[in-house]
Amino acid sequence: MNAVEQLQQSIKDTLKAAINQAGLVEADTEVNIHLETPKDKANGDFATNVAMQLTKLAKKPPRAIAESILENVNTEGTDIEKIEIAGPGFLNITVRKDFLAGVVKAAFEQGENYGRSTAGAGEKVQVEFVSANPTGDLHLGHARGASVGDSLCNVMDFAGFDVSREYYINDAGNQINNLAYSLEARYKQALGMDAEMPEDGYHGPDIIAIAGKLAEEFGASILDKTEEERFKFFREHGLKLELAKLQNDLKNFRVEFDVWYSETSLYENGKIDVALEKLKSNGHVFDEEGATWFRSTTFGDDKDRVLIKNDGSFTYLTPDIAYHEDKLRRGFDKLINIWGADHHGYIPRMKAAIEALGYERETLEVEVIQMVQLYKNGEKFKMSKRTGNAVTMRELVEEVGLDAVRYFFVKTAGDSHMDFDLDLAVSQSNENPVYYAQYAHARISSILRAASEQGFEASLENLNLLVAEKEEDVLKKVGAFPQIVADAAKHRTPHRIANYIQDLAAAFHSFYNAEKVLNQDNKELTEARLALITAVKTTLANALKLIGVSAPEKM
RNA sequence: GUCUCCAUAGCUCAGCUGGAUAGAGCACACGCCUUCUAAGCGUGCGGUCGUAGGUUCGAAUCCUACUGGGGACGCCA
C-alpha cells in the first residue's frame with residue numbers, strides 16, 4: 001500500500017469511527033466511504049459524500065449527518081488537519097502539509113519503481129492483442145490495438161498483475177490458401193510472366209515484396225515443382241516471411257509478445273478434437289443439415305453456430321474455442337482479448353463457448369477497440385487490405401513519428417470512435433501533445449544538469465520548505481500516480497495514464513514559470529526543489545514508459 | 001429489421017464505481033524571454049452535455065423511447 005492509499009484508508013477509518021460513535025447507523029452496517037479529489041482545491045485535499053449517502057439509513061438531512069460526524073470525529077494522531085462541511089453536505093478534508101513531503105521521498109527513493117503497486121495481487125492475466133492475419137501489412141486499426149494493448153499490459157504489470165502478452169497467428173484456414181495463391185501469382189509476375197491474381201487475393205505491396213525476394217533467391221526453379229509442391233512452398237515461405245515482417249514491425253513499434261501462438265499447432269496436437277469432445281460430452285453439440293453445430297443459444301448467443309461445415313472442415317470458431325480452452329488450461333485467472341469493433345459481434349459466441357467448456361463466463365473479458373477513421377486532404381480515406389492502398393502502421397510511424405503515434409492512439413479511450421487527420425498529425429507534429437510532456441521531462445533534465453554544474457545536489461532534508469502553491473500542486477499530482485496506475489489497470493483504461501501525464505506536465509510547467517529552482521542565495525530551498533523536480537522527472541519517465549513513449553533528456 | 005458502440009466548446013477529446021461553478025489541447029484575442037529550454041506560462045472568448053421523459057437529496061454519468069453516425073448480423077476469417 002502506498003503513502004496516499006494509507007492516508008486515504010486512515011481517513012476512511014477515522015470517519016467510520018465517527019459515524020459509529022455518532023450512532024448514525026446500526027453497529028454492524030458496512031459503510032462504504034468514497035473519497036474523491038475535489039476539482040477545486042478550495043474544497044480541500046479530499047472530499048467525501050458519505051453524509052449524503054447516509055440520508056436514508058440515518059433518516060436525517062445530509063448537513064445534520066455531517067455535523068453529527070464532525071462532532072464525533074477524532075483526528076488526533078492522524079494526518080488530517082481539518083474537516084469542513086460544505087455545499088449540500090460534503091465533508092472536505094484538508095491534510096497536514098508535511099504529509100506531501102513524503103510523496104517526494106517516495107518518488108525519489110523508489111525511482112523507476114515509483115508507482116508500482118500490488119493492487120493486482122499477482123492475478124494471472126493473459127492479454128491477446130493485434131493477432132492480425134499474416135496476409136498483409138498492419139494498418140491503422142492494428143496500430144491502435146497495439147498501442148492500447150501494449151500500454152494496458154504495461155499498466156497492469158506495474159499495478160501488480162502477472163501479465164502475459166500473446167499474439168494468435170491465424171496460420172490455418174482459407175486466408176492462408178489465398179496467401180499462397182497470391183504469392184505464386186506475384187512470384188510469376190516478378191519473373192516477368194503473365195499471372196492473374198486470385199479473385200480473393202491479397203494485393204498488398206508486402207506480398208509483392210516477398211515474391212520479389214523469393215524470385216531473387218530461387219530464380220525460376222519453383223516453377224518446375226508440382227502444383228502441390230508449389231502450394232506448399234508458397235504457403236510456408238509466405239507465412240514465414242509475413243510473420244517475420246509482423247514481428248519486426250511490432251518490435252519497431254515497441255511491442256513485444258511473450259507468446260506467438262500458432263493456430264496450426266492446434267490442429268497438429270489434437271487440441272481441437274479435445275475441445276470438441278468436451279463440448280460434446282457437456283451436451284452442447286448437435287448435427288443438422290450435414291454440419292455440426294454448437295448450441296451457443298443456451299448461453300445467450302442469438303443463434304447457434306456451425307463448428308464443422310458440411311465439407312468436413314472447421315469454421316474459424318472451432319480452433320478459436322480450442323485456443324481459449326488451451327489458454328484456460330494454462331492457468332490464467334483472466335483472459336483479456338483486445339478486438340477491433342468489427343469483431344464485436346463475435347463476443348457472445350466466444351463467451352458462450354467459455355461457459356460451455358465449464359468455465360466462468362467472466363473469465364473472458366473482451367475490450368473492443370473502435371474503428372479509426374482516417375482523413376487525408378480533408379476526405380475520408382478507406383482502409384482496405386485487399387486494395388493495397390491502405391496506410392500501414394509502418395508508414396504512419398515514418399510520417400508522424402513513433403512517440404506521437406503511440407501517444408495519439410493511447411490518449412483516447414478505446415471504446416470511442418476516433419478520427420485521425422493524417423495531414424494534421426504530420427504538419428503539426430511539433431504541436432502534438434506528446435511533446436508537451438516530453439518537453440517537461442527535458443526541461444527538468446536540463447535544470448538538473450545545470451544544478452550539477454553549480455554544485456547543487458538534491459536533498460530530502462528540507463522538504464518542509466516546499467510550501468509554494470505551485471509546489472503543492474505538483475506534489476499532489478506526483479502523489480496521485482500509484483493510484484492512477486492502479487485505477488487504470490483495474491478499469492482497463494490505459495488512456496488515463498496519458499491524461500495524467502498531461503496533468504503532471506502542466507503542473508510542472510506552471511511551477512517552472514512561477515518559481516526558479518536554482519538559487520545561489522538559498523541552498524536549502526534549491527536542494528529541496530531539486531528533490532521535487534527529480535520526483536517529477538521520475539514520475540514522468542515512469543508514466544511515459546507505461547504508454548511506450550520515450551522520455552528525452554534533451555529536446 | 002435485430003444487436004452493439006458512440007453523440008460534451010468552432011475542431012480533436014477528457015470527465016474516476018452518480019456529486020459542488022462540466023475540463024484540456026488546437027483555433028481565436030491580449031499579455032510574459034538581460035533570469036534554470038518560449039515545443040513554455042498567464043488572462044480572455046467559447047456549452048440547451050443529440051432530443052424527450054424517468055429514477056433521487058442530486059444526472060454529462062443510471063433506465064426507457066426517439067434522432068443521427070460507426071460497426072456487426074456467413075457452413076468467411
Side-chain angles (χ1 to χ4, degrees), chain A residues 32 34 36-40 42-43 47-49 52-53 55-56 61-63 86-90 92 133 135 170 172-176 178 200 263 289-293 302-303 305-317 320 340-348 368 370-371 373 408 411-413 415-421 424 428-440 442-451 453-454 456 483-484 487-488 490-491 493 495-496 498-499 502-503 505-506 508-519 526 529 533 554-555:
Chain A
N32 187 19
H34 175 62
E36 61 181 57
T37 309
K39 280 172 235 158
D40 187 343
N43 289 327
T48 179
N49 58 354
M52 279 111 91
Q53 285 181 331
T55 47
K56 277 193 180 145
R63 286 194 68 106
F90 285 101
N92 291 338
N133 289 347
T135 54
N170 295 117
N174 277 336
Q175 80 279 5
I176 297 305
N178 277 332
D200 294 324
E263 179 185 0
E289 296 172 14
T292 302
W293 296 68
D302 54 2
K303 56 182 84 160
R305 308 293 172 178
V306 171
L307 293 169
I308 306 175
K309 302 180 226 172
N310 57 19
D311 70 357
S313 65
F314 297 127
T315 62
Y316 177 81
L317 177 64
D320 212 13
D342 53 340
H343 285 82
H344 90 278
Y346 195 77
I347 297 172
V368 172
Q370 289 296 335
M371 304 277 101
Q373 180 63 61
F408 193 88
K411 84 181 171 66
T412 309
D415 61 2
S416 80
H417 303 269
M418 178 173 176
D419 291 341
F420 194 112
D421 186 330
L424 194 76
Q428 297 200 342
S429 63
N430 277 2
E431 290 174 5
N432 190 302
V434 71
Y435 296 105
Y436 181 80
Q438 292 184 315
Y439 185 53
R443 258 185 163 174
I444 294 171
S445 306
S446 175
I447 298 173
L448 294 177
R449 283 192 295 271
E453 284 165 19
Q454 294 174 30
F456 289 116
Q483 193 61 48
I484 297 278
D487 285 347
K490 182 181 169 196
H491 295 283
T493 49
H495 76 274
R496 289 191 199 182
N499 291 332
Q502 286 305 294
D503 288 348
F508 169 74
H509 282 310
S510 184
F511 158 75
Y512 177 90
N513 277 272
E515 313 285 347
K516 196 158 187 311
V517 175
L518 303 179
N519 181 355
T526 295
R529 283 183 171 164
I533 67 170
K554 280 183 185 173
M555 281 176 79

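Below, chain A is the first sequence line, B the second, and so on; all start at residue 1.
- For the pair A:Gln175 and A:Ala172, the tightest heavy-atom approach, listed with the atom from each and the gap, is NE2-O, 3.0 Å.
- Side-chain N/O atoms of A:Tyr439 include one lying less than 4.0 angstrom from OP1 or OP2 on B:rA39.
- Residue A:Arg305 places no side-chain N or O under 4.0 Å from the OP1 or OP2 atom of B:rG74.
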Query raised in the report: For RNA chain B, what dot-bracket results from Watson-Crick or G-U pairs at under 3.5 Å, with [ ] for crossers and | for inter-strand partners?
Result: (((((((..((((.....[...)))).(((((.......))))).....(((((..]....))))))))))))....

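- With its ring centre under 5.5 Å from that of the base six-membered ring and a plane angle below 30°, A:His343 counts as stacked on B:rA77.
- The side chain of A:Ser510 contributes an N or O atom lying less than 4.0 Å from OP1 or OP2 of B:rG42.
- Counting non-hydrogen atoms under 4.0 angstrom, A:Tyr436 reaches the backbone sugars and phosphates but no base.
- Taking CG from A:Leu518 and CD from A:Glu453, the interatomic distance works out to 10.0 Å, rounded to the nearest 0.5 Å.
- Between A:Tyr435 and B:rG40 there is no side-chain N or O to OP1 or OP2 distance below 4.0 Å.
- Side-chain nitrogen and oxygen atoms of A:Lys309 include at least one within less than 4.0 Å of the OP1 or OP2 phosphate oxygen of B:rC76.
- Proximity of A:His509 to the phosphate of B:rA39: no side-chain N or O atom is located under 4.0 Å from OP1 or OP2.
- Using a 4.0 Å heavy-atom cutoff across all strands shown, A:Gln438 reaches no nucleic acid atom at all.
- Both thresholds, 5.5 Å between centres and 30° between ring planes, are met by A:Phe90 relative to the base of B:rA20, so the two rings are stacked.
- Distances shown here put a side-chain N or O of A:Ser416 below 4.0 Å from the OP1 or OP2 atom of B:rA14.
- No more than 12 heavy atoms of other residues, nucleotides or ligands sit less than 6.0 Å from atom NZ of A:Lys490.
- At a threshold of 4.0 angstrom between heavy atoms, the contacts of A:Asp302 with the nucleic acid are absent.
- As judged by a 4.0 angstrom heavy-atom cut-off over every strand, A:Glu453 is placed among residues making no nucleic acid contact.
- Across all strands shown, A:Ala341 has heavy atoms under 4.0 Å from sugar-phosphate atoms exclusively, and none from any base.
- Within the nucleic acid shown, A:Asn49 comes within 4.0 Å of at least one base atom, counting heavy atoms only.
- The glycosidic torsion of B:rC63 lies more than 90° away from 0, which places this base in the anti conformation.
- Listed candidates were B:rG19, B:rA14, B:rC36. Nearest to the side chain of A:Glu36 is B:rG19.
- Distance from the side chain of A:Lys516 is smallest for B:rC36 among the nucleotides B:rU12, B:rG19, B:rC36.
- Residue-level contact check: A:Ala86 touches the bases, meaning some heavy atom is under 4.0 Å from a base atom.
- Residue A:Lys303 places at least one side-chain N or O closer than 4.0 Å to OP1 or OP2 of B:rG74.
- In this structure, A:Asn174 and A:Asp200 have side chains that are not in contact, with every pair of non-hydrogen atoms separated by 4.5 Å or more.
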